[in-house]
S.K.: 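Structure provided below as structure tokens; questions to follow.
Residue numbers start from 1 in every chain, and the chains themselves are labelled A, B, ... in the order their sequence lines are given, proteins ahead of strands.
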Amino acid sequence: NAGVTQTPKFQVLKTGQSMTLQCAQDMNHNSMYWYRQDPGMGLRLIYYSASEGTTDKGEVPNGYNVSRLNKREFSLRLESAAPSQTSVYFCASSRDIKIYEQYFGPGTRLTVT
Amino acid sequence: AQTVTQSQPEMSVQEAETVTLSCTYDTSESDYYLFWYKQPPSRQMILVIRQEAYKQQNATENRFSVNFQKAAKSFSLKISDSQLGDAAMYFCAYKRNTGNQFYFGTGTSLTVIP
């Protein structure tokens with residue numbers, strides 16, 4: 001039981017490049033989330049998926065797109081990376097959108113130069 | 001909008017001693033949840049403790065307990081018998097019962113001194 005896994009762990013992009021962050025959970029959770037963590041700002045929600053087939057914007061969605069590929073997987077895409085997107089990205093899941101515990105992945109450190 | 005404030009960017013405690021981390025939040029809701037998450041150097045966020053706002057009794061998990069003051073909108077975390085493994089960033093978080101979003105504070109970095 002791996003919990004929530006994220007790939008890659010580290011990534012460096014040039015401005016304008018695109019990439020997809022992958023997230024998978026093996027806990028049969030319905031809901032999944034993408035956060036970014038910046039110094040002095042805590043975690044901010046980018047997008048979430050309450051259940052398979054649905055996605056919704058969070059607090060800071062601009063510049064990102066998401067895909068809930070199936071119940072297990074929830075990817076985050078940067079179409080044209082900008083230096084402002086340099087951050088640590090966390091994926092999380094919970095059994096249900098109303099159930100309070102969120103389980104987090106180990107994070108992806110992304111640097112955009 | 002809901003906000004969560006952690007006014008202590010850094011705290012330190014001697015091993016085996018007790019430390020309290022502060023958290024306040026702003027909400028007009030009456031039904032919500034509060035959480036403390038721990039983020040060690042490995043970066044993985046770990047749920048430490050949660051509190052349902054409708055419960056008057058303070059939550060406790062082993063050496064971790066909270067002091068929930070609903071009227072004051074305060075939710076502090078007490079760590080007793082501090083251990084070296086407690087060193088981490090600690091985040092306070094809020095979730096409205098009817099909402100989908102968690103709101104996190106900016107974190108408190110806890111150092112445990114041997």
Side-chain angles (χ1 to χ4, degrees), chain A residues 2-6 8-10 21 23 25 27 29-51 54-61 66 68 74 87-110, chain B residues 1-10 21-26 29 31-55 59 61 64 66 68 75 88-109:
Chain A
V4 180
T5 57
Q6 290 182 236
K9 286 190 167 52
F10 301 94
L21 307 184
C23 174
Q25 51 89 10
M27 296 176 282
H29 284 173
N30 288 314
S31 304
M32 298 184 74
Y33 314 79
W34 275 105
Y35 291 90
R36 59 177 289 172
Q37 183 180 30
D38 302 295
M41 302 206 57
L43 280 85
R44 294 182 292 167
L45 184 65
I46 304 171
Y47 271 93
Y48 67 94
S49 170
S51 60
T54 70
T55 60
D56 284 286
K57 295 178 181 178
E59 190 181 349
V60 288
V66 290
R68 184 73 184 268
F74 188 40
S87 188
V88 180
Y89 291 85
F90 287 96
C91 178
S93 70
S94 64
R95 186 151 54 96
D96 185 87
I97 197 74
K98 299 299 183 188
I99 301 298
Y100 24 80
E101 286 103 325
Q102 290 193 351
Y103 296 84
F104 285 80
T108 295
R109 184 177 294 278
L110 175 67
Chain B
Q2 284 77 24
T3 58
V4 178
T5 302
Q6 294 178 249
S7 58
Q8 307 154 315
E10 296 177 347
L21 308 184
S22 301
C23 174
T24 59
Y25 57 94
D26 181 29
E29 302 288 327
D31 196 8
Y32 50 87
Y33 302 97
L34 296 162
F35 311 86
W36 279 98
Y37 279 88
K38 171 185 176 181
Q39 185 180 41
S42 66
R43 288 209 312 254
Q44 186 124 18
M45 299 277 283
I46 304 163
L47 178 67
V48 174
I49 199 166
R50 69 172 182 267
Q51 174 82 42
E52 292 88 343
Y54 65 86
K55 289 187 178 178
E61 287 286 344
F64 298 87
V66 299
F68 174 47
F75 183 60
M89 282 288 285
Y90 286 82
F91 291 94
C92 178
Y94 162 98
K95 180 186 179 299
R96 189 160 51 103
N97 183 38
T98 54
N100 301 326
Q101 189 163 334
F102 277 62
Y103 295 89
F104 286 82
T106 52
T108 296
S109 177

S.K.: At a 4.5 Å cut-off on heavy atoms, which part of A:R109 comes close to chain B: side chain, backbone, both, or neither?
M.R.: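 Its backbone and side chain both get close to chain B.
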S.K.: Let me know if A:Q37 has heavy atoms under 4.5 Å from chain B in its side chain, its backbone, both or neither.
M.R.: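 Side chain of A:Q37 only, per the 4.5 Å heavy-atom cut-off to chain B.
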S.K.: Let me confirm one number: the CZ-CD distance from B:R50 to A:Q102, rounded to the nearest 0.5 Å.
M.R.: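 Reported to 0.5 Å precision, the distance equals 12.5 Å.
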S.K.: Under 6.0 Å between ring centres, would you say that holds for B:Y37 and A:F104?
M.R.: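 Yes, the ring centres sit under 6.0 Å apart.
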S.K.: A:Y35 vs B:F102, test: ring pair (Phe, Tyr, Trp, His ring centres under 6.0 Å). Steps then yes/no.
M.R.: CA-CA 10 Å; A:Y35 291 90; B:F102 277 62; 7.4 Å; no
S.K.: Side chain, backbone, both or neither: which part of B:Q39 has a heavy atom under 4.5 Å from chain A?
M.R.: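 Contact with chain A: side chain only.
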S.K.: Pick one of side chain, backbone, both or neither for A:Y103, based on which atoms fall under 4.5 Å of a heavy atom in chain B.
M.R.: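 No part of it gets close to chain B.
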